[in-house]
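Counting starts at 1 for both ligands and their atoms, in listed order.
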Amino acid sequence: MSNSIDIASVGRNWRLDGVTVPSPSDVVTEVFASDVLTMEELRQRLSKPVWRSLLATTERGDALDPAISDTVALAMKTWAMEKGATHYTHWFQPLTGLTAEKHESFVTPTSDGTAISQFSGKELIQGEPDASSFPSGGLRATFEARGYTAWDPTSPAFIMRHPKGAVLCIPTAFASWTGEALDNKTPLMRSMEVINKAAMRGLRLFSDTETQRVDATVGAEQEYFLIDEEFFFRRPDLVMCGRTLFGARPPRGQELEDHYFGSIPDRILTFMTDAEHQLYALGIPIKTRHNEVAPGQYEVAPIFEQANIAADHQQLVMQVLKNTARRYGLVCLVHEKPFAGINGSGKHVNWSMATNLGQNLLEPGETPHDNMQFLFFCAAMIRAVDVHQDLLRTCVASASNDHRLGANEAPPAIMSIFLGEQLSEVYERLLSGKGGSSKRSGLLGLGTQVLPKLPQHAGDRNRTSPFAFTGNKFEFRAVGSSQSISFPITVLNTIAAESIDALSSAIEARMKKKQSFEAALSEVLKDTYAKHSRIIFNGDGYSNKWHKEAEKRGLINLPTAIDAIETLNHEKNITLFSSYNVLSARELEARQEVMFDMYFKTVNIEGETTEWIAQTQILPGALRHLREMASSGIAITAVKRAVDELSVAVDAISDAIVELRKQNHELGGDDVHSKSIHMRNNVLPAMNAVRTAADALERITAHDHWPLPLYREMLFVK
Ligand code: ADP
Ligand code: MG
């Protein structure tokens with residue numbers, strides 16, 4: 001008894017019953033953000049003075065006035081209960097990269113045997129989850145065991161629904177009692193202030209006196225796989241690790257390319273529609289959906305939002321996709337590489353900066369003045385990526401993303417910028433001082449060419465660059481599909497701010513020496529480009545040629561997550577984060593510790609799971625087949641051949657299991673750093689050897705003796 005799935009029934013065990021979808025016009029008028037406590041909703045429920053005080057906090061970043069908290073809490077509770085919520089939770093983002101919640105009932109029993117509903121300002125502002133088992137990288141150990149959660153009034157509260165009820169979720173930061181960040185949101189919020197300050201400084205240089213605030217904006221595209229849950233539950237590797245640890249390549253992979261942007265199967269489309277409606281209710285502006293490159297792979301993308309909110313929403317997107325899939329007999333896999341040899345999943349983080357007046361600072365302008373401003377901010381990004389290649393690599397480093405980065409379909413582990421030919425040419429001209437080109441018109445009077453109007457969707461979109469300029473924003477493509485986007489955004493905000501400051505300082509220094517702003521700007525742009533243009537690469541990032549070229553240019557290559565994480569506490573990075581008050585040295589080192597720890601634990605679990613499945617499922621299955629053949633009494637060549645082949649392959653996997661078991665027993669030292677090195681250097685290769693042996697066996701073992709659903713089943717039965 002092994003692989004007894006009735007394949008014919010798989011893919012049919014879902015029903016459309018009970019799926020009701022609102023009409024498109026209802027979505028616009030009634031559904032969108034209906035489960036979000038919007039500022040407008042709050043305005044109607046609060047007195048003017050309270051409302052104004054709250055607005056000062058959410059819009060200008062003023063400290064929250066504790067006096068208004070009870071009133072706001074009451075309004076929130078009333079709204080939530082009207083929506084059917086029975087509980088509330090402080091919703092936070094521990095360093096696991098996931099979200100955490102601890103539900104508290106609104107209902108409080110009283111001494112006279114009745115109950116009242118209660119939710120005070122104190123409970124709104126601060127919570128105390130029993131958080132001793134969240135990773136803290138040692139930050140908590142030395143001080144206080146517990147951490148506390150603190151309301152983030154800039155991200156709206158929302159209702160999370162489940163089949164039998166609803167919960168009010170209050171976005172919160174999570175910190176130790178000494179005020180050190182234990183989460184992903186706190187540094188992100190700090191970095192939003194940092195980018196605001198630096199960009200405002202830059203804008204003032206351009207004589208902008210109108211803009212009051214600059215926010216980072218983010219739109220994150222999410223790639224994911226869907227497989228039938230029948231298969232999922234028969235794959236202990238998927239259940240334990242989120243990826244398959246075994247599986248021979250199917251006869252057909254993605255060679256036919258008929259899946260990419262192909263028509264979406266009914267079951268999938270219904271799932272998507274359902275998920276989107278829930279996301280709409282949460283105020284998440286989902287815009288596009290389509291099939292991705294690999295069979296069974298899809299993508300969803302929202303319209304961009306203020307980065308802190310986008311990060312909260314991104315967590316919800318993953319959660320809603322996963323929960324909704326189950327209603328359709330599907331399981332949503334957000335792992336970076338669920339299937340070896342098949343395209344992995346990324347999360348493209350589109351990043352830009354926007355003023356409170358709606359101007360996108362990375363949008364090439366119509367006028368020479370706007371263009372120079374654009375070139376200024378864009379040059380700052382070129383400098384930022386060059387100076388902090390290591391940080392960009394590290395903020396996407398994980399055991400799971402290692403299967404993707406540098407593999408032949410994902411952006412390489414070497415950081416570079418794709419600017420496109422046109423924009424590169426503009427900078428080149430600026431550098432050489434050659435102004436006019438007969439092809440394009442306009443001179444700024446600085447001997448510089450005015451930036452030609454770049455097409456919104458430049459034709460030469462590059463899919464192989466980890467960091468691509470795509471017309472009016474940068475697309476950070478190295479981010480992993482399962483990870484929180486908070487730390488990548490934090491890094492982007494901080495390195496952008498530092499570079500904007502560096503350019504601003506250089507301009508100001510020249511102006512002090514009586515250079516005009518225009519001349520100073522032009523010189524600084526030239527200097528910046530000359531110094532950092534090595535980071536620009538418009539070619540094929542997957543090619544071997546680029547690896548050699550990158551080495552010649554002196555770019556950093558950190559092939560594995562461990563190599564990258566090791567750089568996180570370098571002096572340069574500690575100085576950057578601490579000077580901008582985004583992360584203290586201790587907070588940064590704690591993060592490094594947690595990253596090593598997560599790497600170690602991930603591979604450790606994979607190693608144990610590989611050994612377990614190989615030893616207790618695959619080997620016995622193959623042996624049963626071998627025994628059947630060997631004892632069949634049929635003296636023909638085919639049987640003899642099968643016995644010979646199977647014998648060799650079974651011995652091979654048995655040897656590989658022995659080695660893996662040995663490596664699994666080793667701990668690799670006492671600290672998480674050396675443990676994770678052991679995982680990378682010894683456990684991963686031993687796992688791969690077991691897998692290679694198993695995948696070879698899969699091709700010669702009778703299907704009814706093979707214990708695991710096959711790639712060809714999981715990827716193609718929809
Ligand atoms: P394409 O990838 O075809 O260029 P879009 O330009 O519509 O498609 O954008 C892809 C993603 O980039 C979307 O998630 C979108 O919200 C996001 N995006 C667009 N403009 C910005 C911006 N100014 N800041 C951040 N993200 C943006
Ligand atoms: Mg994409």
Side-chain angles (χ1 to χ4, degrees), residues 32 188 191-192 195-196 199 203 211 213-224 260-261 272 275-276 279-280 282-293 298-318 320-321 345-365 370 373-374 377-378 380-381 384-385 411 417-420 422-423 453-479 481 485-486 488-493 495-497 500:
F32 193 80
L188 171 55
S191 76
M192 293 299 280
I195 189 76
N196 171 41
L203 285 175
T211 300
R213 184 174 172 91
V214 174
D215 271 317
T217 52
V218 161
E221 305 160 45
Q222 172 79 48
E223 294 177 337
Y224 60 95
Y260 190 49
F261 275 31
M272 286 175 169
E276 280 165 14
L279 291 168
Y280 288 151
L282 290 167
I284 302 175
I286 296 299
K287 187 71 180 166
T288 58
R289 59 184 180 204
H290 60 81
N291 289 355
E292 259 302 324
V293 178
Y298 308 92
E299 180 183 301
V300 61
I303 295 172
F304 67 93
E305 303 176 275
Q306 191 260 30
N308 178 35
I309 294 175
D312 281 356
H313 281 174
Q314 219 294 306
Q315 296 294 131
L316 290 173
V317 166
M318 288 193 282
V320 167
L321 288 178
S345 297
K347 185 139 54 191
H348 301 170
V349 173
N350 295 272
W351 181 95
S352 188
M353 295 162 282
T355 70
N356 62 313
L357 304 176
Q359 188 189 7
N360 176 354
L361 298 183
L362 291 176
E363 175 91 52
D370 282 354
Q373 187 180 304
F374 160 75
F377 284 109
C378 188
M381 290 314 292
V385 176
I417 290 190
F418 168 83
L419 268 195
Q422 256 183 349
L423 189 49
K453 197 165 157 27
L454 292 168
Q456 272 278 340
H457 296 269
D460 51 352
R461 287 287 298 271
N462 178 305
R463 293 184 56 89
T464 64
S465 173
F467 205 82
F469 182 70
T470 55
N472 58 1
K473 63 191 178 284
F474 280 99
E475 183 172 349
F476 187 18
R477 305 180 66 248
V479 184
S481 53
I485 61 173
S486 295
I489 302 173
T490 304
V491 167
L492 283 173
N493 291 350
I495 66 176
I500 293 169

Phe469 and ring-ring contact (aromatic ring centres under 6.0 Å, His included): which partner among Trp351, Phe377, Phe476, Phe374? Phe374

Before signing off on this row, confirm whether Glu221 and ligand 1 have an N or O atom pair separated by under 3.5 Å. no

Judged on heavy-atom distance to atom 15 (C) of ligand 1, which of Ala307, Ser352, Ala301, Pro302 sits nearest? Pro302

Ring geometry between Tyr224 and Tyr298 (parallel below 30°, tilted from 30 to 60°, perpendicular above 60°): tilted

Listed by chain and number, what are the side-chain hydrogen bond (donor to acceptor under 3.5 Å, both in side chains) partners of Glu276, not counting sequence neighbours? Arg289

Any donor-acceptor pair under 3.5 Å from Asn493 side chain to Ile195 backbone: no

Between Asn360 and ligand 1, which part of the residue brings a heavy atom under 4.0 Å of the ligand: side chain, backbone, both or neither? side chain

Could you list the atoms of ligand 1 found under 4.0 angstrom from a heavy atom of Ile303? 16 (O)

Please determine whether any non-hydrogen atom of Thr470 lies less than 4.0 Å from an atom of ligand 1. no

Sorted by chain and number, sequence neighbours left out, salt bridge (charged side-chain N to carboxylate O under 4.0 Å, His left out) with Glu305 holds for none

For Lys473, is at least one N or O under 3.5 Å away from an N or O on ligand 1? yes

From the candidates Phe474, Phe304, Trp351, the one that places a heavy atom nearest atom 16 (O) of ligand 1: Phe304

Reported CD1-to-OG distance for the pair Ile495 and Ser191, which is rounded to 0.5 angstrom: 11.0 Å

